[in-house]
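Worksheet: one structure, shown below.
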Amino acid sequence: MGQTATNDIQITLPDGASREYAAGVTGFEIAESISKSLAKAALAIRVNGELSDLSLPITGDASVAIVTRKDEDALELIRHDAAHVLAEAVQNLFPGTQVTIGPTIENGFYYDFARNEPFSTEDFEAIEKEMRKIVERGAAFEREVWDRDEAIKYFKDKGEAYKAELIEDLPETEEIKIYRQGEWLDLCRGPHMPSVKQVGTAFKLLKVAGAYWRGDSDKAMLTRIYGTAWRDDKELKAYLHQLEEAEKRDHRKLGQEMDLFHFQQEAQGSVFWHPKGFTIYNQMEGYIRRRLQDAGYKEIKTPQLIDNKLWEKSGHWGKYRENMFVVPDEVPNTEEDGPVVSDKAFEKLMALKPMNCPAHVQVFNQGIKSYRDLPLRLAEFGCCHRNEAHGALHGLMRVRQFTQDDAHIFCREDQITEEAVAFCELLQNVYRDLGFEDVAVALSLRPEMRVGSDELWDKAEEGLREALQQTGLEFREDPGEGAFYGPKIDYQIRDAIGRTWQCGTLQLDFNLPERLDANYIGQDGEKHRPVMLHRAILGSLERFIGVMIENYAGKLPLWLAPTQCVVATITETADGYAEEVYEALKEAGIRVELDTRNEKINYKVREHSVGKVPALFVVGEREAQEGSVAIRRLGSKKQHVEKLERAIEELAAEAKPPF
RNA sequence: GCCGGUUUAGCACAGUGGUAGUGCAGUCGAUUUGUAAUCGAAAGGUCGGGAGUUCGAAUCUCUCAACCGGCACCA
């Protein structure tokens with residue numbers, strides 16, 4: 001493109017129109033040249049895709065878009081500015097508090113502060129009030145570039161050690177940018193809106209939490225204040241409502257309300273499954289078992305307690321033993337006051353298995369395997385124990401004892417792709433059956449530190465990539481994110497309220513077959529190393545059930561519902577008929593309960609609805625005479641009457657598991 | 001593991017130094033009811049564990065634990 005004689009530049013607008021401006025024109029000037037109202041509404045500008053300050057000069061040809069409150073981009077700006085306002089408010093109210101960093105996050109922002117006295121949510125009212133004052137005052141954001149050493153000195157003198165450290169660690173080439181809002185200023189990359197006024201009023205502080213400086217558990221613990229900010233009060237209200245809704249589907253709450261399971265402190269992090277919860281568990285396990293059988297897997301069961309020598313050999317002892325439960329292998333002392341075990345006991349230790357793979361290799365290693373035996377797919381509902389940090393435990397989502405829908409595929413290098421394809425298809429079918437349509441896939445490639453030759457990695461990565469392409473799955477590639485022992489594919493499902501969960505995984509392992517000396521006899525009569533694929537679809541049965549409960553807000557599909565149907569009577573004159581209905585449903589394989597209590601039908605309907613029973617068969621004198629039932633389904637306020645036989649047929653058909 | 005919060009009847013919660021309360025559930029009694037809570041009665045507690053301060057502690061202090069919100073961790 002030829003430049004015009006003067007220093008003019010070409011600015012392309014989102015509608016494709018192109019205009020000429022003098023070089024150094026600012027975003028604000030561009031907005032103003034388009035319309036006064038746009039200039040007034042403008043918050044920032046996108047220059048060649050990059051969000052930038054309105055006040056910055058544009059020096060070359062660019063395509064730009066003025067950002068106003070109507071744009072999604074505004075959220076990012078509002079939240080970032082709100083974080084600055086929060087920091088100023090906190091420093092106004094609590095002198096001596098140091099500021100550190102305050103980025104935007106999904107749905108909001110946070111700011112980390114260093115202060116001897118931690119904040120409490122009781123301080124929120126005062127902080128928010130101060131924030132509103134600052135916004136109301138509406139100081140303009142002013143961008144300045146400072147000399148590095150001066151900036152460091154300034155923050156050090158001010159007692160802001162963290163900010164000084166941040167500047168010291170910035171690359172030499174980086175400008176030291178300072179944003180001023182009235183009296184207050186902060187080191188910041190930007191961009192910001194023209195003034196704090198534009199933060200608006202639709203923000204709210206949500207919670208305080210501890211957070212390590214620079215995310216490093218060896219460094220100081222800071223106090224983090226989380227907030228949310230939106231373009232208007234309506235958006236804020238909607239978000240707060242969404243938070244409340246998410247709280248209502250919390251699987252821990254529903255688990256108690258629906259009498260599915262409990263935890264108690266004598267077995268922290270391990271589930272006590274109640275009859276209803278275990279019904280769900282068994283249905284899930286049965287479903288996966290049928291799927292695996294159909295896909296050519298052989299199910300096995302391996303020991304819970306294994307000598308640490310095997311874990312030493314597999315490498316787990318060296319790497320993960322701090323998370324393993326270790327048991328001395330000795331008959332305990334029966335003397336009441338004596339030590340439970342002698343010191344000698346520690347000569348032999350057993351460990352509860354934290355994973356199944358070494359045990360599966362032991363099964364593979366029995367007898368001589370021929371290339372004709374491959375691929376060998378060994379599956380186990382493997383119960384594993386991991387000594388998770390106390391603070392990590394979270395309902396069913398993070399437990400110390402869990403059951404994986406685990407399997408290991410032993411195959412030849414040339415079988416990687418077809419096995420990966422088959423797995424991707426199996427996984428997609430399972431997720432679809434369980435109600436998850438939206439799956440995000442990531443292919444993690446070789447890290448710096450790794451075992452195995454580059455040729456092997458080339459082959460493996462290409463094998464997985466090709467498999468994903470063949471299955472037609474969209475995927476993202478993450479270079480450097482693979483495990484040291486091989487590349488992997490991670491699958492993330494999205495639930496009904498938009499949260500994502502990483503459940504499925506397919507990991508290639510070049511390490512373990514080597515360490516545990518797995519081999520097979522090839523066509524050439526020589527010994528070869530098999531490739532090992534670790535794979536799981538649900539991941540942990542416990543966790544996946546938690547995800548299912550939250551995804552369905554407790555209203556599980558019929559085949560998983562612990563109680564599928566309740567037969568409820570209107571008065572005791574129908575008791576005899578209700579009993580017949582109940583028996584017939586049981587006969588048809590429906591998990592059914594009979595409710596002949598002396599209660600009003602309103603009471604029964606409410607109770608079973610709250611209990612999330614999917615189908616309610618109400619019988620009174622009328623139904624007894626007609627041989628029918630009045631059906632009321634969960635979530636509906638209406639009911640319809642049907643002949644008993646037909647009603648059972650329909651319910652039984654619907655109650656059939658998807659596979 | 002770290003920071004903060006919480007812990008009172010089966011569940012949800014009130015009670016800030018002076019005899020432990022409410023609602024629901026459960027039990028008993030009455031009611032026989034047509035699609036989201038019928039009425040009444042009696043009963044139910046080592047106030048998370050331990051130690052301390054005090055004439056006196058659910059309440060104040062210390063300590064341990066569990067849980068909750070984050071952080072760190074997640075083979």
Side-chain angles (χ1 to χ4, degrees), chain A residues 110 112 114-115 117-123 206-226 247 250 252-253 256-257 259 262-269 311 314-324 353-358 384 386-395 397-400 402 404 483-485 488 502 505 507 509 511-512 534 539-540 543 568-575 596-611 616-623 630-641:
Chain A
Y110 67 76
D112 285 348
R115 181 179 178 232
E117 288 283 300
F119 298 101
S120 98
T121 45
E122 277 156 38
D123 299 321
L206 296 178
K207 51 196 175 191
V208 282
Y212 296 110
W213 168 234
R214 301 202 147 171
D216 182 342
S217 58
D218 291 330
K219 295 203 161 81
M221 175 63 67
L222 309 171
T223 301
R224 176 171 298 178
I225 295 180
Y226 282 96
E247 219 170 290
D250 188 311
R252 293 165 301 186
K253 198 169 138 89
Q256 189 179 69
E257 283 169 11
D259 191 19
H262 84 270
F263 292 90
Q264 65 187 51
Q265 64 182 72
E266 288 84 351
Q268 47 176 294
W311 303 114
S314 70
H316 293 97
W317 190 256
K319 253 193 144 123
Y320 305 109
R321 58 178 281 196
E322 72 273 16
N323 288 317
M324 288 167 69
K353 67 174 167 187
M355 25 187 6
N356 308 299
C357 22
C384 297
R386 293 180 189 175
N387 198 346
E388 303 284 3
H390 291 81
L393 301 175
H394 181 94
M397 303 305 190
R398 191 81 179 269
V399 287
R400 285 182 165 169
F402 57 97
Q404 293 178 319
F484 75 91
Y485 50 76
K488 62 173 180 175
Q502 209 250 284
T505 185
Q507 307 189 4
D509 191 337
N511 180 50
L512 209 56
H534 307 256
S540 140
R543 178 163 176 270
T569 50
I570 307 250
T571 68
E572 66 185 4
T573 52
D575 281 5
T596 54
R597 289 174 304 170
N598 176 12
E599 293 290 352
K600 286 192 170 176
I601 192 62
N602 285 303
Y603 182 88
K604 296 185 184 180
V605 166
R606 180 185 149 78
E607 193 176 90
H608 299 303
S609 300
V610 168
L616 198 55
F617 283 12
V618 176
V619 296
E621 278 181 71
R622 232 162 33 218
E623 287 77 12
I631 304 168
R632 179 177 170 134
R633 295 298 299 260
L634 183 60
S636 162
K637 286 202 191 318
K638 289 187 196 139
Q639 55 273 337
H640 64 284
V641 178

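Letters A, B, ... are given to chains in the order of the sequence lines, protein chains preceding strands, and every chain is numbered from 1. Here the structure is a predicted model, which is why all the values come from computation and not from measurement.
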Quiz item: Counting any heavy atom closer than 4.0 Å, what does A/F263 reach on the DNA or RNA strands: base, sugar-phosphate only, or nothing?
Solution: nothing
Practice problem: Quote, to the nearest angstrom, the C1' distance that separates B/rG29 from B/rU63. | Solution: 50 Å
Quiz prompt | Pairing nucleotide - B/rC28, Watson-Crick or G-U, each distance under 3.5 Å | solution = B/rG40
Quiz item: Which word best sums up how the rings of A/Y485 and A/H534 line up, parallel for under 30°, tilted for 30 to 60°, or perpendicular for over 60°?
Solution: tilted
Quiz item: If you look at every strand shown and take non-hydrogen atoms under 4.0 Å, does A/Y226 touch a base, only sugar-phosphate, or nothing?
Solution: sugar-phosphate
Practice problem: Using a heavy-atom cut-off of under 4.0 Å over every strand shown, decide if A/S609 touches base, sugar-phosphate, or nothing. | Solution: base
Quiz prompt | N-O pairing of A/R252 and A/D250 below 4.0 Å | solution = yes
Self-check item: N or O in side chain of A/H394 less than 4.0 angstrom from B/rG69 OP1/OP2
Solution: yes
Quiz item: Checking all strands, does A/E599 fall into the base, sugar-phosphate, or nothing category for heavy-atom contacts under 4.0 angstrom?
Solution: base
Practice problem: Remember a base hit wins even if backbone is also touched, and classify A/A211 as base, sugar-phosphate or nothing at under 4.0 Å, heavy atoms. | Solution: sugar-phosphate
Practice problem: Classify the nucleic acid contact of A/G215 as base, sugar-phosphate or nothing, counting any heavy atom under 4.0 Å across all strands shown. | Solution: sugar-phosphate
Self-check item: Pi-cation contact, A/Y212 with A/K219 (under 6.0 Å, within 45°)
Solution: no
Practice problem: For A/R632, report the nucleic acid contact type (base, sugar-phosphate, nothing); a contact means any heavy atom under 4.0 Å. | Solution: base
Quiz item: With rounding to whole Å, what would you report as the distance between B/rU16 and B/rC73 at their C1' atoms?
Solution: 39 Å
Self-check item: Nucleotide B/rU6, atom C1' - distance to CZ of A/R252 in whole Å
Solution: 13 Å
Quiz item: Using purine N1 to pyrimidine N3 plus N6-O4 or O6-N4 for Watson-Crick, or N1-O2 and O6-N3 for G-U wobble, both under 3.5 Å, which nucleotide pairs with B/rU35?
Solution: none
Practice problem: Give A/N323 one of three labels, base, sugar-phosphate or nothing, depending on what nucleic acid heavy atoms sit under 4.0 Å from its own. | Solution: base
Quiz item: Using a cut-off of 4.0 Å on non-hydrogen atoms, how would the nucleic acid contact of A/S217 be classed: base, sugar-phosphate, or nothing?
Solution: sugar-phosphate
Quiz item: If we take the C1' atom in both B/rG26 and B/rA9, what is their distance in whole Å?
Solution: 11 Å
Quiz prompt | Strand partner of B/rU7, provided both Watson-Crick or wobble distances fall under 3.5 Å | solution = B/rA65
Quiz prompt | Sugar-phosphate, base or nothing in reach of A/E623, heavy atoms under 4.0 Å | solution = base
Practice problem: Taking only the side-chain nitrogens and oxygens of A/K207, find out if one of them lies under 4.0 Å from OP1 or OP2 of B/rG70. | Solution: yes
Practice problem: Could you work out the separation of B/rA25 and B/rU32 based on their C1' atoms and round it to a whole Å? | Solution: 23 Å
Practice problem: Return yes if some donor-acceptor pair links the side-chain N/O of A/K353 with the main-chain N/O of A/P358 below 3.5 Å, else return no. | Solution: no
Practice problem: Would you classify A/A630 as touching base, sugar-phosphate or nothing, given that sugar-phosphate means primed atoms plus P, OP1 and OP2, and contacts are heavy atoms under 4.0 Å? | Solution: base
Quiz prompt | B/rC47 - base-pair partner by Watson-Crick or wobble geometry, distances under 3.5 Å | solution = none
Practice problem: Please determine which of A/K600, A/K637, A/R632 meets the side chain to side chain contact (heavy atoms under 4.5 Å, CB included) test together with A/V605. | Solution: A/R632
Quiz prompt | Pairwise P distance for B/rA37 and B/rC24, with rounding to whole Å | solution = 14 Å
Exercise. Identify whether any heavy atom of A/Y603 sits under 4.0 Å from a base atom; if not, whether one sits that close to sugar-phosphate; answer base, sugar-phosphate or nothing.
Key: sugar-phosphate
Quiz item: NA contact type, A/Q268, heavy-atom cut-off 4.0 Å: base, sugar-phosphate, or nothing?
Solution: sugar-phosphate
Self-check item: Rounded C1' spacing from B/rC2 to B/rA58 in Å
Solution: 29 Å
Exercise. Could you check whether A/E621 gets within reach of a base, just the sugar-phosphate, or nothing at all, counting any heavy atom under 4.0 Å?
Key: base
Quiz item: Of A/R606 and A/V619, whose closest RNA chain B nucleotide lies nearer the 5' terminus?
Solution: A/V619
Quiz item: Under 3.5 Å, is there an N or O donor on one side and an acceptor on the other linking the side chain of A/R398 and the base of B/rC73?
Solution: yes
Quiz item: Would you say the side chain of A/R214 and the base of B/rA72 hold a donor-acceptor pair, judged only by whether the two atoms sit under 3.5 Å apart?
Solution: no
